[in-house]
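Presented below is the structure to which this report refers.
Values in this document were obtained by computation on a predicted structure and should not be read as measured data.
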Amino acid sequence: MSAESASAILNNQVDLLDFIDWTSIECLNQNPRHLSENAIKQGYREDEALVLESDADEQLLLYIPFTTVVKIHSVVIKGPQEEGPKTVKLYTNKEHMGFSNVSDYPPSDTLVLSEENLKGKPVVLKYVKFQNVRSLTIFIEDNQSDGDVTKVQKISLIGRTVETTDMKGLKKIEDGH
């Protein structure tokens, strides 16, 4: 584990893997032999031979819903030096996005991944834009070499759950004036 991810986890941040709604994940343009689970699921994403791979061109559109509301602090997106993602746009709480309408929405954040990021260095997000996240859409626009195939070895989302207030447990405070 890198020093950055260790310090993120120490600041009440965790890998949000346990809060992903696995039955509702969608990935457009994935190669049927190299699925999104290879980059996201525990055990799979640690095996560098297993990758998420694009199919018809270099772009991928990945929808990740959560089982609870989360705050996302940072992301780790690992990939090979040549075929790894380069420009990555993140969208919060946008359902049913496709390649035809992804440009209709402003991204919550746009990342340009460096060689260090592709080796596992976390990218800290604009935290204020990732406060009440029910789903995250990841649009991988291109790759490092502008080739036709993009490969992703690992996607890790670091953050925490949002503590909700139990409104029934609150008591009304009477104004004594």
Same cluster for [X] and [Y] if Ile/Leu/Val/Met/Phe/Trp/Tyr side chains link at under 4.5 Å?
X: Phe19; Y: Ile138; value: yes
X: Val133; Y: Ile64; value: yes
X: Leu52; Y: Leu28; value: no
X: Val123; Y: Ile155; value: yes
X: Val149; Y: Leu113; value: no

Report task. I would like to know whether Trp22 and Lys41 meet side chain to side chain contact (heavy atoms under 4.5 Å, CB included); could you show each step before the answer? Result -> CA-CA 9 Å; Trp22 294 102; Lys41 281 196 172 182; 3.5 Å; yes
Set out, in order, the CA-CA distance, both residues' side-chain angles and the distance that settles salt bridge (charged side-chain N to carboxylate O under 4.0 Å, His left out) for Lys78 and Glu48, then state yes or no.
CA-CA 9 Å; Lys78 285 180 67 176; Glu48 292 190 8; 3.7 Å; yes
Test log, rule side chain to side chain contact (heavy atoms under 4.5 Å, CB included), inputs Phe66 and Asp18:
CA-CA 9 Å; Phe66 297 98; Asp18 291 338; over 6 Å; no
pair [X]-[Y]: side-chain heavy atoms closer than 4.5 Å:
X: Val152; Y: Val51; result: no
X: Asn31; Y: Ser54; result: no
X: Pro122; Y: Val75; result: no
X: Tyr91; Y: Val102; result: yes
X: Asn117; Y: Ile77; result: no
X: Tyr127; Y: Asp109; result: no
X: Gln81; Y: Glu115; result: yes
X: Lys71; Y: Phe130; result: no

Calculate, to the nearest 0.5 Å, the distance between atoms [atom1] and [atom2] belonging to [X] and [Y] respectively.
X: Leu90; Y: Leu111; atom1: CG; atom2: CG; result: 4.5 Å
X: Glu83; Y: Asp148; atom1: CD; atom2: CG; result: 10.5 Å
X: Phe139; Y: Ser103; atom1: CZ; atom2: OG; result: 8.0 Å
X: Ile25; Y: Leu62; atom1: CD1; atom2: CG; result: 6.5 Å
X: Leu50; Y: His34; atom1: CG; atom2: NE2; result: 9.5 Å
X: Lys126; Y: Gln131; atom1: NZ; atom2: CD; result: 14.5 Å

Judged by atom type as modelled, is there a donor-acceptor pair below 3.5 Å linking the side chain of [X] to the main-chain atoms of [Y]?
X: Ser135; Y: Pro65; result: no
X: Asp55; Y: Leu60; result: no
X: Asp142; Y: Thr87; result: yes
X: Gln13; Y: His73; result: no
X: Ser145; Y: Glu82; result: yes
X: Asn143; Y: Asp146; result: yes
X: Asp47; Y: Tyr44; result: no

*After noting the C-alpha distance and the side-chain angles of Val88 and Thr110, does the key distance pass the side chain to side chain contact (heavy atoms under 4.5 Å, CB included) rule?*
CA-CA 6 Å; Val88 178; Thr110 300; over 6 Å; no
Can you name the closest pair of heavy atoms from [X] and [Y] and give their distance?
X: Tyr63; Y: Glu95; answer: OH-CG, 3.4 Å
X: Val76; Y: Gly120; answer: CG1-O, 3.7 Å
X: Lys94; Y: Thr137; answer: O-OG1, 3.1 Å
X: Arg160; Y: Leu16; answer: N-CD2, 3.7 Å
X: Ser36; Y: Gln30; answer: N-OE1, 2.8 Å
X: Ile20; Y: Ile40; answer: CD1-CG2, 3.9 Å

Residues that Lys86 engages under salt bridge (charged side-chain N to carboxylate O under 4.0 Å, His left out), provided they are two or more places apart |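 Here no residue qualifies.
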Tell me every residue that passes salt bridge (charged side-chain N to carboxylate O under 4.0 Å, His left out) with Glu46, counting only those two or more places apart in sequence or in another chain.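 Salt bridge (charged side-chain N to carboxylate O under 4.0 Å, His left out) check on Glu46 returns nothing, list empty.
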- Hey, are Arg134 and Asp21 close enough for a salt bridge, meaning a charged N less than 4.0 Å from a carboxylate O?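 Looking at Arg134 and Asp21, the cut-off is not met.
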*With the threshold set at 4.0 Å, does a side-chain nitrogen-carboxylate oxygen contact exist between Glu37 and Arg45?*
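Arg45 and Glu37: not salt-bridged.
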Criterion side chain to side chain contact (heavy atoms under 4.5 Å, CB included) on Thr92 and Leu136, from CA distance to verdict
CA-CA 5 Å; Thr92 57; Leu136 181 70; 4.3 Å; yes
Before you tell me yes or no, could you show the steps for Asp15 and Ser156 under side chain to side chain donor-acceptor pair (under 3.5 Å), namely the whole-Å CA-CA distance, both residues' side-chain angles and the distance that decides it to 0.1 Å? CA-CA 7 Å; Asp15 188 330; Ser156 180; 3.3 Å; yes
